Amino acid sequence: MKYLSEYRDPKLAKKVLKEIKKTVTKPWKIMEICGGQTHSLVKNGILNVLPDKITMLHGPGCPVCVTPLNLIDKAIFLSEMNNVILCSFGDMLRVPGSKKSLLEAKAGGADVRILYSPLEAIKLAEKNPDKEVVFFAVGFETTAPTNALSVMHAEKLGIKNYSILTSHVLVPPAITALMEDPESKIDGFLAAGHVCSIMGYWEYFPLVSKYKIPIVITGFEPLDILQGILMVIKQLEKGRAEVENQYTRMVKEKGNTSAQDIIRKVFDTGDQIWRGIGNIENSGFKLNDDYSYFDADKKFSIAIEKVIENQECIAGDIMKGLKKPLDCVHFGKACTPQNPLGAPMVSSEGACAAYYNFSTMFNKIN
Amino acid sequence: MEKSIFKLQCPLPKFDFDIITLAHGSGGLLTNKLLENGVFNLLKNDELDKHHDGALLNFAGDTVAFSTDSFVISPVFFPGGDIGELAINGTVNDVAMCGGIPQYLSLSFILEEGLPIKDFWDILVSIKYAADRAGVKIVTGDTKVVDKGKGDKIFVNTTGIGKLHSRANIDIKNIKKGDKIIVSDNIATHGIAILSVREGLEFETTIESDTRSLNHITTALLDKFGEDIHLFRDPTRGGVASTLNEIATDRDLGIVLQDEKIPVDEQVEAACEILGLDPLYSANEGVFMAIVSKDIADEMVAYLRKFKEASHASIIGEFIDDHNGKVLITNPLGGKRVVHMPIGEQLPRIC
């Protein structure tokens with residue numbers, strides 16, 4: 001079976017687009033939570049073809065973007081310790097810490113490895129018993145099960161030289177925080193399909209009834225996103241506020257319950273700082289007491305200076321949907337992917353980088 | 001003495017960076033900065049200023065294409081090839097891209113202490129076969145060994161030379177509005193094949209590198225289409241996106257690509273999707289781009305498709321006199337986006 005081209009079929013997409021145009025009568029602001037969706041919106045030029053009445057707001061769903069600066073500094077500190085192999089997903093490497101990025105630490109001699117799965121880090125730890133292997137465990141609910149599993153494996157195999165530096169963020173508390181913000185102008189959400197494939201969408205029912213706002217679980221291909229937008233618009237135009245699932249091929253209401261069991265076994269929820277936004281109550285996963293031995297933050301004495309974020313960056317306002325990347329005076333001038341002032345310009349899924357890289361609006365091309 | 005005076009006269013140019021990082025070798029923006037502000041600026045001359053894959057040199061009426069390349073790939077053995085084969089094909093192709101008919105190669109090794117002799121032999125054997133297939137002779141070379149830990153098993157450098165094809169008129173200046181851009185085969189295959197065996201990223205696949213020499217095809221194209229071919233380029237590091245951005249900037253024209261016309265193998269596309277990579281930025285070793293007069297583009301594609309190595313040849317876009325210096329891509333939905341020069345190597349994403 002093919003699984004990409006069907007969801008990029010231009011004929012079908014045009015049909016959905018036509019229906020969107022037919023359905024929308026009032027101006028609506030829809031936020032896509034996930035950076036992958038932002039990327040797809042801009043990369044596929046969907047923003048250019050949507051009717052003017054629909055404004056897409058780009059949410060905080062880029063894990064690289066919301067990882068606190070001091071945690072990046074911690075990862076860099078660890079990577080520069082003599083006996084440490086610091087493993088990370090690829091897109092964390094270019095994110096600037098307060099002084100440098102992991103990529104620059106690597107160029108300076110730090111042992112930094114790019115992995116696709118934390119389970120590979122376990123293999124590295126086994127192969128290098130005289131070294132400490134630290135995995136920089138960043139992500140939303142999507143990566144939490146494999147990160148948790150790596151810790152369980154390490155425990156089962158008696159691997160003592162493995163630990164994780166975690167910065168796990170959760171979607172539902174972020175939606176709550178966005179809706180509680182008095183400045184919020186969001187009319188509806190596209191929820192992140194992959195997060196829901198793990199967690200299901202039962203967590204969203206209380207949110208729609210409390211905030212009277214439609215939430216549609218949406219995939220990442222052009223057709224998915226257009227369908228998701230159509231479903232939100234239909235609800236808004238009729239005055240409905242429900243949880244609906246566009247991404248039925250991946251997402252069930254209960255989600256992947258075995259993955260959730262693994263998460264619960266290893267992590268507790270706790271407060272979490274989101275870069276650019278601040279602290280959000282109960283919005284992160286932390287290793288629980290049973291597994292605290294694998295917490296790199298506790299295992300090593302990490303000495304980093306306290307730093308203050310660059311105040312010029314409007315990342316927070318962008319991720320709350322209050323401003324667009326192009327509203328920033330530094331966008332494309334003082335702030336570029338080569339010299340980012342803030343994280344949304346770094347990760348390929350950050351809203352600013354997506355605009356910088358792909359947007360015809362910024363590049364002044366009609 | 002002279003040397004120190006020379007140093008005084010050449011202050012360090014202003015770079016945005018203090019040290020070399022891997023991104024400087026990725027073929028993207030940082031490579032360009034390093035070359036533009038450093039190498040090209042200091043060493044400039046008419047031949048170097050062309051910024052092509054190789055140089056065209058004139059010897060009393062005879063024009064010769066000349067190119068060099070170093071190979072530092074890890075792992076040295078990868079699905080579909082090894083560093084030896086790559087080192088021959090890479091330089092042969094660079095000479096071919098200049099419109100040359102590659103004839104002679106030099107071959108130099110930097111070996112790391114501890115390299116198994118069997119590995120060295122296997123690499124040497126594939127060098128022989130690749131040279132035979134390309135029809136080139138290896139006529140000189142050098143071997144150095146460095147301490148364990150000071151290299152990565154084996155580094156190879158090759159330099160190639162060959163006479164210019166009599167009908168070749170390859171020059172970026174010849175590109176004009178309306179010219180078509182042809183890619184000879186599926187893109188991104190090599191880059192993804194290498195990535196699939198990198199430590200920590202291994203995934204199950206049957207994707208193999210497409211490394212191969214392309215000189216027989218480029219010669220056949222020059223025989224048949226001659227001056228209508230305005231440029232050949234092989235989009236190795238940095239992929240199709242980097243190469244086209246370079247050309248658009250150097251020629252000061254705009255480029256429009258059509259997403260649905262870009263040939264990518266289904267497995268490669270799926271792997272890119274999983275890893276969050278864009279095939280346009282992925283490295284190629286057995287693919288070239290031809291920029292040709294619009295009148296012959298369809299005929300050339302039909303002709304190319306008769307070659308096994310170019311069976312997916314396709315016109316992927318054209319040059320226009322708008323948004324000069326930039327590359328744009330459209331999709332059938334009517335959406336469009338800019339294809340930027342990459343900054344460094346693409347990094348696999350989180351989820």
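The structure presented is a predicted model; accordingly, all values stated were derived computationally and were not measured. Below, chain A is the first sequence line, B the second, and so on; all start at residue 1. All values below were derived from every heavy atom in this structure, side-chain atoms included, with hydrogens, water molecules and symmetry-related copies excluded.
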Shortest non-hydrogen contact between [X] and [Y], atoms and distance:
X	Y	result
A/Lys14	B/Leu333	N-CD1, 3.9 Å
A/Asn48	B/Lys336	ND2-O, 3.3 Å
B/Asp278	A/Lys43	OD2-NZ, 3.6 Å

Tell me, side chain or backbone of [X] under 4.5 Å from chain B's heavy atoms, or both, or neither?
X	result
A/Val195	neither
A/Leu119	neither
A/Lys106	side chain

Open item on the list: Could you measure the distance from the CD1 atom of B/Ile329 to the CG atom of A/Asn44? Nearest 0.5 Å is fine.
Closed with: 10.0 Å

Please say whether more than 12 non-hydrogen atoms of neighbouring residues, nucleotides or ligands are located less than 6.0 Å from [atom1] in [X].
X	atom1	answer
B/Lys180	NZ	yes
A/Lys15	NZ	no
A/Asp52	CG	no

TODO: Against chain A, label B/Ile20 side chain, backbone, both or neither, depending on which of its atoms sit under 4.5 Å from a heavy atom there.
DONE: backbone

- [ ] For side chain to side chain contact (heavy atoms under 4.5 Å, CB included), just list the numbers for B/Asn331 and A/Arg8, CA-CA rounded to whole Å, side-chain angles, deciding distance to a tenth of an Å, and then say yes or no.
- [x] CA-CA 10 Å; B/Asn331 65 31; A/Arg8 293 176 181 177; over 6 Å; no

